[in-house]
Amino acid sequence: MAGLQFIGLFIPLFIIATIIAGIVVLARRDGGPSQPGIGTVRRLFFYGLAFVGLMLTASGVNFLASQILEELTSRALAGTASSRLALGLAAVIVGTPLWLIFWLSAQRSLRAYPAEAGTLARKLYLNAVLFIAAVVAAIAAVNLLQGAFETYFDASALATLLTWVGIWLFHWRVESGEGQPSDDARVLHRLYANATTVYALALIVFEGAAVIGGLLSAAYDALFTDALLFGAANPLWTRTIQESLALAAVGGAWWWLHWHRMQRADAGSMARLVVLYVVAIATGMAMMVAAASLALYNILRWIIAPPPGVGAAPYFSGLPDAIALAVAGAALWGYHIAVVRQEAIAAQLRSHGTESVYRYLMAAVGLSTFAVGLVVLFAVVIGLVLPEGGTVVRESVGGGASIGLTLLIVGAPLWAIYWFRQQRIVQGSDVRAIEEREALPRRVFIFLVFGIALLATIGALSSLLYGVFRALLDGDFSTGTIYDGRWQLGVVLMAGAIGVYYWLVLREDRETVRASGYAPPQPAVKRVIVVASQQSFASAIAQRIGAPVQWWQSLTDGALATEATLDEAARGIRSASGDSVLVVIDSAGTRVIPYRQA
C-alpha cells in the first residue's frame with residue numbers, strides 16, 4: 001500500500017506548513033494592531049480544545065459505525081466487538097461534549113465579534129480539519145474501491161469514509177460561508193487548497209503511470225516472452241493495477257474539486273503559480289526527461305556493451321515503464337502549459353515574466369541532467385586512462401558510458417534550447433534586453449546555478465584532496481588513488497566548467513547594466529486596498545495592475561463591477577499620487593482614493 005503511505009505523508013507535512021505559515025503571518029503582523037475579538041490566547045484555547053474534541057469524536061464515531069456495519073453484513077470478527085464498542089463509546093462520550101462546548105463558545109464569539117471570522121486561529125483550525133478529513137477520506141475511499149475490485153465489502157472503510165466526509169462537509173460549509181475576509185484567511189485557505197491539489201495530482205499522475213506501465217509490461221511479456229496475456233492469472237488485472245486505479249480515481253475526484261471548483265478565482269496568486277510552474281510543469285518535464293533517459297540508456301547499453309549470448313529483449317523490458325512515464329509526464333506538462341497560457345492571456349500576466357520563469361525552469365531541468373551526464377563521462381574517461389590494477393572491466397565501462405551519454409544527449413539540447421533563447425533576448429541593446437538582465441527569474445537562476453556549482457566544487461575538491469593527502473602520508477599514493485577519486489574529480493571538472501561559465505554570464509550582466517545606466521522603475525503605488533463585497537473584484541484589479549492587493553470585505557450592498565469600471569479603477573491606481581491607494585466598489589460606483597498613513 002505504498003500509495004496510501006504516500007498520501008499519509010502529507011498530514012505531518014501540512015501541519016508543519018501551517019505552523020510555518022502561522023509564524024510568517026504573525027511575524028509580518030508584528031508591531032501592528034492586534035486582531036479584534038476575544039483575544040489571541042483565548043482564541044487558541046478554544047480552537048485547540050475544539051480540535052482535540054473533534055478528533056476524539058471522529059475516532060469514536062468511526063469505531064461505532066465500523067462495528068455496526070460489520071454486524072449488519074455479518075463480517076464482524078469474534079472478540080473484537082466489545083473492545084471496539086468500548087473504544088468508540090469512550091471516545092464519543094469524552095470527545096463530543098468537549099468539541100461542542102468549545103466550538104459553540106467560538107460560534108458565540110463570532111456572533112459577538114464578526115471580525116473573528118478572519119482570525120488566524122479560526123482559519124488554522126478550519127483548514128487543518130479540512131486537510132486531515134480530505135486525506136483520511138481519500139485513504140478510506142481507496143480501500144473501499146480496492147475491496148469492490150476484489151468483490152469484498154470493506155465495512156470499516158465505508159464507516160471511515162462516511163465519518164470524515166461528514167466532517168469535511170460541515171467544516172467546508174462553515175469555511176465557504178465565511179469566505180476569506182483577511183490576509184491570514186487567504187494564506188491558510190490557499191495552503192489547504194494547493195496542498196490537497198498537489199497530493200491529488202500526484203496520485204493521478206504517478207498511479208496513472210503505474211496502470212499504463214503495468215498494462216504495457218503485460219503486453220510486452222506476452223509478445224517477447226512466454227507469459228500469457230490472458231489466462232487464469234490475468235496480468236491485466238493484478239492487485240497492483242487495482243490499487244493504482246483506486247488511487248488515481250480518488251485523486252482525480254479530489255483534484256477536480258480543489259483545482260477546478262475551489263480555485264477558479266485564484267488565477268495570478270503566488271501559490272497557484274508555484275503549483276503550475278514548480279510542481280506541475282517542471283515535474284512533467286522531469287518525467288519526460290527521465291523516460292527518454294531510461295529508453296535511451298537501454299538502447300546504448302545494448303549497442304555499447306551487450307553480454308555474449310544475451311538477446312535484445314532483456315534490454316528493452318523497461319521500455320513499457322519509460323513509455324508510461326513519458327505519457328504521464330507529457331499529460332501533466334501539456335495540461336498545465338495550456339492553463340498558464342490561457343490565464344496569462346486572460347489576466348494579462350505576461351508582464352510578470354511567467355514565460356521567462358518557464359524557460360529558466362526548463363533550462364534548470366536540462367542543465368541538471370546534462371551536469372550529471374558530464375560527471376559520469378568524466379569518471380568513465382578517468383577510469384580508462386587510469387584503470388585500477390591496469391585492467392578495465394568492459395561491462396562496467398559500457399554501463400557508465402551508456403548512462404553518461406544518455407544524460408548528455410537528453411539534457412544538453414533541453415538546456416541549450418531554453419537557455420540560449422533567453423540569451424538571445426539579452427544580446428539586444430534595447431530596454432527589454434537590459435530589463436531581462438535585471439529580471440528576478442534570471443538572477444535567481446544564475447545565482448542558484450553558480451552557488452550550487454561552487455558548493456559542489458568545494459565539497460568534491462575537499463574529498464579528493466583528503467584522499468590524496470591521506471595516501472601521501474601513508475606512503476601508498478599511486479594511480480589507484482586517483483582512480484578511487486574519479487567521481488570527485490568528475491564533479492570538480494563539471495562544476496568548475498559550469499561555475500566559470502555562469503560567473504562570466506553574471507559579470508557580463510552586471511557590466512552591461514552598469515554601462516547602460518539603467519535604473520529599474522519603482523512602482524508609484526506600493527499598497528492597494530480594495531473595499532468590495534466580493535473578493536473576485538480585488539483579484540481582477542490585481543491582475544490588471546500586475547501587483548498584489550489587499551481585500552477588505554464591504555458589509556454594505558455590493559455593486560456589480562463591470563470590465564469597464566475595473567479597467568477605470570486600474571488606470572486610477574496607476575496615475576494616483578502617493579504610495580497608498582484605497583479602492584471602494586459599492587452601489588455608488590467605483591472610487592480610487594489615494595491616502596497616506598498618519
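Bear in mind the structure is a predicted one, so any value in this text is a computation, not a measurement. Worth knowing before you read on, the calculation uses all heavy atoms, side chains too, and leaves out hydrogens, waters and symmetry mates.
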If I take atom [atom1] from residue [X] and atom [atom2] from residue [Y], how far apart are they, to the nearest 0.5 angstrom?
X: Leu54; Y: Trp103; atom1: CG; atom2: CH2; value: 9.5 Å
X: Leu144; Y: Gln146; atom1: CG; atom2: CD; value: 10.0 Å
X: Thr57; Y: Asn62; atom1: OG1; atom2: CG; value: 12.0 Å

Which heavy atom of [X] sits nearest to which heavy atom of [Y], and what is that distance?
X: Leu56; Y: Gly95; result: CB-CA, 3.8 Å
X: Met287; Y: Ala328; result: CE-CB, 3.7 Å
X: Leu145; Y: Ala249; result: CD1-CB, 4.2 Å
X: Val365; Y: Ser368; result: O-OG, 2.8 Å
X: Phe102; Y: Phe46; result: CB-O, 3.5 Å
X: Ala133; Y: Ile167; result: CB-CG2, 4.4 Å

**Request:** Tell me, please, which residues at least two apart from Ala140 pass side-chain contact (heavy atoms from CB on, under 4.5 Å).
**Result:** Thr160, Leu161

**Message:** Ala295: which residues meet the side-chain contact (heavy atoms from CB on, under 4.5 Å) condition with it, sequence neighbours left out?
**Reply:** Leu319, Ala322

**Request:** Decide ring-ring contact (aromatic ring centres under 6.0 Å, His included) for His336 and Tyr277; before the verdict, give the C-alpha distance in whole Å, the side-chain angles of both, and the deciding distance to 0.1 Å.
**Result:** CA-CA 8 Å; His336 289 91; Tyr277 282 101; over 10 Å; no

**Request:** Using salt bridge (charged side-chain N to carboxylate O under 4.0 Å, His left out) as the criterion, list what pairs up with Arg437, not counting sequence neighbours.
**Result:** Glu508, Asp509

Is there side-chain contact between [X] and [Y], with heavy atoms separated by less than 4.5 Å?
X: Phe450; Y: Ile498; answer: no
X: Val410; Y: Leu414; answer: no
X: Phe447; Y: Arg442; answer: no
X: Phe131; Y: Thr196; answer: yes
X: His258; Y: Asn194; answer: no
X: Val41; Y: Phe45; answer: no
X: Ile541; Y: Ile585; answer: yes
X: Phe370; Y: Leu407; answer: no

**Request:** Go through the steps to decide whether Leu201 and Val198 satisfy the test side-chain contact (heavy atoms from CB on, under 4.5 Å), and finish with yes or no.
**Result:** CA-CA 5 Å; Leu201 189 61; Val198 168; 5.7 Å; no

**Request:** Apply ring-ring contact (aromatic ring centres under 6.0 Å, His included) to the pair Tyr47 and Trp99, showing each step before the final yes or no.
**Result:** CA-CA 9 Å; Tyr47 289 110; Trp99 177 72; over 10 Å; no

**Request:** Kindly indicate, with the supporting measurements, whether the criterion side-chain hydrogen bond (donor to acceptor under 3.5 Å, both in side chains) is fulfilled by Ser356 and Arg359.
**Result:** CA-CA 5 Å; Ser356 294; Arg359 290 175 183 171; 5.7 Å; no

**Prompt:** Hey, mind stepping through Leu325 and Leu294 against side-chain contact (heavy atoms from CB on, under 4.5 Å) and telling me if it holds?
**Reply:** CA-CA 10 Å; Leu325 194 63; Leu294 179 60; 5.9 Å; no

**Message:** Show every salt bridge (charged side-chain N to carboxylate O under 4.0 Å, His left out) that has at least one partner inside residues 164-177, sequence neighbours left out.
**Reply:** Lys123-Glu175

**Asked** Please walk me through it: do Glu116 and Arg43 pass salt bridge (Lys or Arg N to Asp or Glu O under 4.0 Å)?
**Response** CA-CA 9 Å; Glu116 283 286 325; Arg43 193 179 296 122; 2.9 Å; yes

**side chain to side chain donor-acceptor pair (under 3.5 Å) pairs, two or more places apart, involving residues 244-254** = Glu207-Ser244

**Request:** Pick out which of Val531, Leu582, Ile529 makes a side-chain contact (heavy atoms from CB on, under 4.5 Å) with Gln550.
**Result:** Ile529

**Request:** Count the heavy atoms belonging to other residues, nucleotides or ligands that lie under 6.0 Å from OH of Tyr335, then report whether that count exceeds 12.
**Result:** yes

**Complete:** Residue set satisfying ring-ring contact (aromatic ring centres under 6.0 Å, His included) with Phe445, at least two apart, ordered chain then number -> Tyr360, Trp419, Tyr502

